[in-house]
Structures are given as C-alpha cells and as structure tokens.
Amino acid sequence: MIELPWGLGRLDRRVLFTLVALDLVLLAIGIRYGVMVALDPSVHWPRPLQFDHDWGIAEMLNYVKWLVAAAALGLAWRRDRALLPAAIAATLLLAVLDDAGRLHERGSIALALGTGLFDRIGSLAFQLCELVVWAGLGLLCLGPLLLGWRRADAGLRRRAAGLGLFFGGVALCAMGIDTLHVLVGLAWPDQPLLGGLFMVAEGGGENLFLSLMTAQAVGSFGRGGLSAPAPVRP
C-alpha cells in the first residue's frame with residue numbers, strides 16, 4: 001500500500017502499477033498512430049487502438065476501472081453500512097453508464113437540436129450542451145453524497161476527499177480539456193498536431209486519473225482497505 005498524506009487514504013500498489021502500465025502502453029500506441037496519421041492522413045489507425053474512441057481498448061479498460069472502484073465502495077458499504085460509500089458507488093456507476101452509454105453525447109445532441117441552439121451557434125452548441133447534461137447528472141448524485149458526508153465522521157470524510165481529488169482530475173480532463181480541445185479544433189482546423197496534443201492530454205490524463213482513483217478506492221475502501229468509520233449521526 002502507498003499511504004497518502006493528510007489521512008486521504010492509501011493506494012493499492014498492485015492495482016496502481018498494473019493499471020498505469022497498461023495506460024502508458026495504450027497511450028504510446030495511440031501517440032504513435034496519431035503522429036503517423038498527422039504526417040500521412042492515408043495511414044489506417046485501427047479504431048480499437050484509438051485511446052479516445054468509445055469501446056476502444058483504452059476506453060474499455062476505463063469502464064473496468066469505474067466498475068472496480070464502485071465494487072470497492074460497495075464492499076465498504078456492505079461491511080460498515082455507512083451511507084457515504086454507497087452514495088459514491090452509485091455516482092461511479094452512473095459515471096460508467098454515462099461513459100459507456102454515451103449519455104452526455106446523446107443528451108447534448110437532443111438538447112442542442114431541440115432548443116435550436118445549434119442553428120444559432122453551430123457545432124459549439126453540442127459541447128455547451130454536453131456541459132449542461134454533465135451538470136444535470138451531477139445534481140442527481142449531489143443529494144445522497146451530501147447526506148452521506150453529513151453522517152460520516154472525519155476519518156471517512158478524509159478518505160472520501162482523497163477519492164474526490166482523483167475523480168476531480170478525471171472530470172477536469174473529460175470536461176475541461178475536452179472543451180478546450182473542441183475550441184482549438186474550431187479555431188485552428190488545419191492544425192492536426194495541435195489537436196493531437198489536446199487529445200493526448202485529455203485521453204491520457206483521464207486514463208491516469210482513473211487508475212489513481214481505482215487504486216485509492218481499492219486501497220482505502222476495498223476488502224484490504226481500512227474499515228470505514230461508523231457514521232456519527234443516525
């Protein structure tokens with residue numbers, strides 16, 4: 001185990017090193033193909049090896065990470081019956097459902113077309129509506145998370161905060177860098193290498209933060225993790 005500072009929990013070393021190694025291999029393959037395609041657009045880049053492609057190998061690995069992290073939180077809830085791990089597990093399950101089922105993409109298309117925003121500002125409407133859909137999904141999770149946080153003691157809150165830091169890194173890449181990637185593509189459509197750099201930062205960063213989050217969930221909440229403190233309020 002790797003202890004995190006300030007009581008934020010610990011990382012399962014085997015889970016972390018295994019996932020990060022897989023991330024780096026898949027990222028290296030993606031960068032290699034990306035450079036080849038940028039230099040010669042006729043080069044074939046197999047879709048399963050595109051690390052930002054839905055249901056590609058890298059994305060499917062991410063789906064596994066979400067599920068493993070949710071399972072670790074589920075074990076913590078089953079062991080201690082604290083609400084906060086259950087609320088976090090439900091949030092992670094919604095995240096993988098969104099990721100694998102492309103809920104934010106489908107929702108943004110329906111919203112952009114249904115409101116007429118696409119007719120007014122063009123393809124940027126889809127990106128803005130993605131942020132709206134993500135905000136709506138976040139609001140669905142907010143109530144149980146706040147209630148669980150209120151009922152948890154300081155130790156459980158600190159470990160949940162550690163998990164939240166890595167989740168925040170995933171969100172920063174998936175939403176923040178993704179939005180910048182789209183804006184750069186609209187502003188400089190003839191600069192594929194620049195777009196490729198954002199794709200690496202977005203996809204690679206999301207993958208690595210997800211690996212850290214999964215290792216923290218397993219190490220801090222899973223079967224080998226610390227026992228979750230009992231809630232301080234009924």
Side-chain angles (χ1 to χ4, degrees), residues 26-27 30-31 33-34 37-38 41 45-67 69-70 87-88 90-146 164 166-210 213:
L26 293 171
L27 182 61
I31 291 174
Y33 271 106
V37 170
W45 187 351
R47 294 181 77 84
L49 296 179
Q50 297 176 19
F51 61 85
D52 64 337
H53 176 63
D54 291 317
W55 291 98
I57 295 174
E59 281 295 305
M60 287 191 288
L61 177 60
N62 283 347
Y63 306 154
V64 172
K65 295 174 191 176
W66 287 115
L67 293 174
I88 299 174
T91 301
L92 299 183
L93 290 175
L94 182 59
V96 71
L97 180 62
D98 170 59
D99 202 2
R102 306 182 72 240
L103 298 184
H104 61 277
E105 288 97 339
R106 298 174 190 272
S108 70
I109 292 172
L111 189 59
L113 297 179
T115 60
L117 189 61
F118 173 74
D119 296 327
R120 293 194 292 272
I121 65 174
S123 58
L124 181 59
F126 297 123
Q127 190 66 28
L128 295 177
C129 289
E130 278 192 8
L131 297 176
V132 173
V133 173
W134 268 319
L137 294 174
L139 288 175
L140 287 176
C141 304
L142 186 60
L145 288 171
L146 289 177
F166 296 128
F167 186 91
V170 175
L172 175 64
C173 296
M175 292 185 283
I177 298 180
D178 178 66
T179 300
L180 290 176
H181 184 191
V182 171
L183 294 176
V184 167
L186 292 174
W188 296 285
D190 57 343
Q191 297 293 327
L193 286 177
L194 182 60
L197 289 175
F198 275 93
M199 185 169 63
V200 169
E202 175 193 342
E206 182 179 347
N207 296 352
L208 291 172
F209 274 118
L210 258 176
M213 189 193 75

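Side chains included, hydrogens not; waters and symmetry mates left out as well; all remaining heavy atoms used.
Arg106 is linked by a salt bridge (Lys or Arg N to Asp or Glu O under 4.0 Å) to nothing, counting only residues two or more places apart in sequence or in another chain.
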List, one per line, each side-chain donor-acceptor pair under 3.5 Å for residues 125-134, sequence neighbours excluded.
{"residue": "Gln127", "atom": "NE2", "partner": "Asp178", "partner atom": "OD2", "Å": "2.8"}
{"residue": "Gln127", "atom": "NE2", "partner": "Thr179", "partner atom": "OG1", "Å": "3.1"}
{"residue": "Trp134", "atom": "NE1", "partner": "Asp98", "partner atom": "OD2", "Å": "3.2"}

Output a table of donor-acceptor pairs, distance under 3.5 Å, between side-chain atoms of residues 110-118 and any protein atom two or more places apart or on a different chain; print 'none' if there are none.
{"residue": "Thr115", "atom": "OG1", "partner": "Leu111", "partner atom": "O", "Å": "2.7"}
{"residue": "Thr115", "atom": "OG1", "partner": "Leu117", "partner atom": "N", "Å": "3.4"}

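The structure places CD of Glu59 at 5.0 Å from CG of Asp99, a figure rounded to the nearest 0.5 Å. If you take CG on Leu103 and CG on Leu97, they are separated by 4.5 Å, rounding to the nearest 0.5 Å. Separation of atoms CG (Leu197) and CD1 (Ile177) is listed at 11.5 Å; rounding is to 0.5 Å. Atom CG of Leu61 is separated from atom CG of Leu210 by 9.0 Å, given to the nearest 0.5 angstrom. Taking CD1 of Ile88 as the reference point, atom CG of Leu93 lies at 12.0 Å (rounded to 0.5 Å).
Closest of all the heavy-atom pairs between Gly34 and Trp45 is CA-CZ3, 3.6 Å. Nearest heavy-atom pair, Phe209 versus Cys173, reported as atom, atom and distance to 0.1 Å: CD1-SG, 4.0 Å. Nearest heavy atom pair, residue Cys141 against residue Thr91, reads CB-OG1, 3.4 Å.
Here the side chain of Trp55 pairs a donor or acceptor atom with the backbone of Ala100 at under 3.5 angstrom. Here the side chain of Lys65 pairs no donor or acceptor atom with the backbone of Met213 at under 3.5 angstrom.
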Test side-chain contact (heavy atoms from CB on, under 4.5 Å) on Leu27 and Asn207; report intermediate values, then the result. CA-CA 9 Å; Leu27 182 61; Asn207 296 352; 5.9 Å; no
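Ring geometry for Phe167 against Trp66 counts as perpendicular: the plane angle is over 60°, on a 0 to 90° scale with 30° as the lower cut.
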